[in-house]
Amino acid sequence: MDRGNGAMHTVTLSGVPEMLMWNLYQRAWEARRPRPVLHDPKATELVDTLDYPFEKHFGRPIGLVAQGHALRVRTFDTAVRDFLTTHPDGTIVHLAEGLETQFWRCDNGRARWLGVELPETAALRRSLLPDGDRRRTLACSALDLSWRDEVDSSRGVLITAQGLLMYLRPHQVRDLIAGCAEAFPGGSLVFDTVPRWFSARSLTGAVRTSRGFPSPPMPWGLNRSELPRVRTAHPAITSVRQLLPPSGRGLYHGTVAPLLTHIGVRNALVLVTAVAQFAHQ
Ligand SMILES: C[S@@+](CC[C@H](N)C(=O)[O-])C[C@H]1O[C@@H](n2cnc3c(N)ncnc32)[C@H](O)[C@@H]1O
């Protein structure tokens with residue numbers, strides 16, 4: 001899917017921000033499959049628009065991995081759709097939105113969407129996906145909690161942090177979660193986390209794509225069994241529970257992975273998605 005010639009947008013990201021290109025590539029790859037587990041035409045459109053050596057940097061996507069990523073994305077989508085069912089005019093805050101295209105997959109025509117991104121990524125996103133009436137991107141680190149002042153929480157808030165917390169330091173994760181719990185009574189935060197062994201491996205530089213592209217360090221890791229500990233970040237956190245990915249296509253994602261998840265084995269190996277619920281005042 002390299003499309004250097006005639007492309008309109010050149011990408012010059014590096015480090016953690018560049019990892020959004022890997023995510024986008026996986027989603028677009030899966031969306032182009034027959035019987036995809038994720039319909040994401042906006043992602044395929046973006047990949048075609050970008051002047052970025054996807055295949056040279058990341059290698060050709062591995063079907064199982066791309067589908068696994070798409071199923072993780074579906075887990076977030078389900079949480080957003082569930083929220084919109086009960087809060088159709090609510091606000092979805094997407095921390096570290098990257099080039100996520102969830103708005104185009106899940107929007108109900110009424111909700112408001114706020115993306116919070118580092119300035120360099122926000123600039124790229126805005127150039128490709130300009131702000132709309134109900135959707136905008138704020139150039140602000142998620143760690144600078146002033147973004148909370150930009151959120152209209154009057155009709156409910158769901159915060160998502162997809163592919164962010166693992167790149168932060170443990171005390172930063174704690175402060176961010178506590179800051180969300182404090183500012184958004186009755187709200188919730190959907191996030192994902194890598195297991196501790198994977199975090200430790202990433203710190204040695206050993207986590208690489210098939211083309212040897214190194215993943216940035218992931219200092220925050222948490223095993224599934226430790227999820228309840230997230231509650232200690234703030235007294236307003238009433239519960240933390242895992243969100244299970246849907247079943248997918250084929251022998252592994254259709255049968256083996258759901259079985260391994262059911263008996264608790266898979267959680268030790270891969271990323272876990274979870275939701276933290278905040279008390280009403
Ligand atoms: C792995 S990408 C995930 C992007 C997107 N959520 C997705 O799933 O496709 C990591 C993202 O985190 C963003 N990021 C890193 N540190 C951040 C911070 N302190 N505040 C906001 N965004 C941050 C990067 O710019 C990048 O878009």
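Just so you know, these numbers come straight off a predicted model, no measurement behind them. Both ligands and their constituent atoms are indexed starting at 1 by order of listing. Position 1 is the first residue of the sequence, and the numbers go up from there.
For Glu120, the side chain to side chain contact (heavy atoms under 4.5 Å, CB included) partners two or more places apart in sequence, or in a different chain, are Leu13, Pro17, Leu118. Scored by the side chain to side chain contact (heavy atoms under 4.5 Å, CB included) test, Asp82 finds Thr78 as partners (sequence neighbours excluded).
Considering backbone and side-chain N/O atoms, Asn23 comes within less than 3.5 Å of an N/O atom of ligand 1. Checked against a 3.5 angstrom limit, the closest N/O atoms of Cys140 and ligand 1 fall outside it.
Following chains of ILVMFWY side-chain contacts shorter than 4.5 Å, one can reach Met218 starting from Trp197, so the two form part of one hydrophobic cluster. At a threshold of 4.5 Å between side-chain heavy atoms, the hydrophobic network of Ile, Leu, Val, Met, Phe, Trp and Tyr places Val256 and Leu64 in one connected group. With hydrophobic clusters built from ILVMFWY side chains whose heavy atoms lie under 4.5 angstrom apart, Ile62 shares a cluster with Val47. Val65 and Leu271 fall within a single hydrophobic cluster, where Ile, Leu, Val, Met, Phe, Trp and Tyr side chains are chained together by heavy-atom contacts under 4.5 Å.
The protein non-hydrogen atom at the shortest distance from atom 12 (O) of ligand 1 is Ala96 CB, 3.3 Å. If you check which protein heavy atom lies closest to atom 19 (N) of ligand 1, you get Ser141 OG, 3.0 Å. Looking only at protein heavy atoms, the nearest one to atom 10 (C) of ligand 1 is Gly163 O, 3.3 Å.
A donor-acceptor pair under 3.5 Å is absent between the side-chain atoms of Arg155 and the main chain of Pro88, judged by distance alone. Between the His69 side chain and the Arg27 main chain, no donor and acceptor come within less than 3.5 Å of each other.
Within the 4.5 Å cutoff, no side-chain heavy atoms of Thr160 are placed close to those of Phe191.
Ranked by closest heavy atom to atom 13 (C) of ligand 1, the top entry among Met19, Glu117, Arg125 is Glu117. When the heavy atoms of Val16, Thr101, Leu118, Leu24 are ranked by distance to atom 17 (C) of ligand 1, first place goes to Leu118.
Applying the 4.0 Å criterion to heavy atoms of Ala142 picks out, from ligand 1, the atoms 18 (C), 19 (N), 20 (N), 21 (C). Below 4.0 Å from some heavy atom of Thr121 lie the following atoms of ligand 1, by number and element: 25 (O), 27 (O). Against a heavy-atom cut-off of under 4.0 Å, Arg27 is close to the following atoms of ligand 1: 9 (O). Listed by number with element, the atoms of ligand 1 under 4.0 angstrom from any heavy atom of Val116 are 21 (C). Annotation for ligand 1: atoms under 4.0 Å from non-hydrogen atoms of Gln162 are 3 (C), 5 (C), 6 (N), 8 (O).
Using a 4.0 Å heavy-atom cutoff, Leu164 is listed among the residues neighbouring ligand 1.
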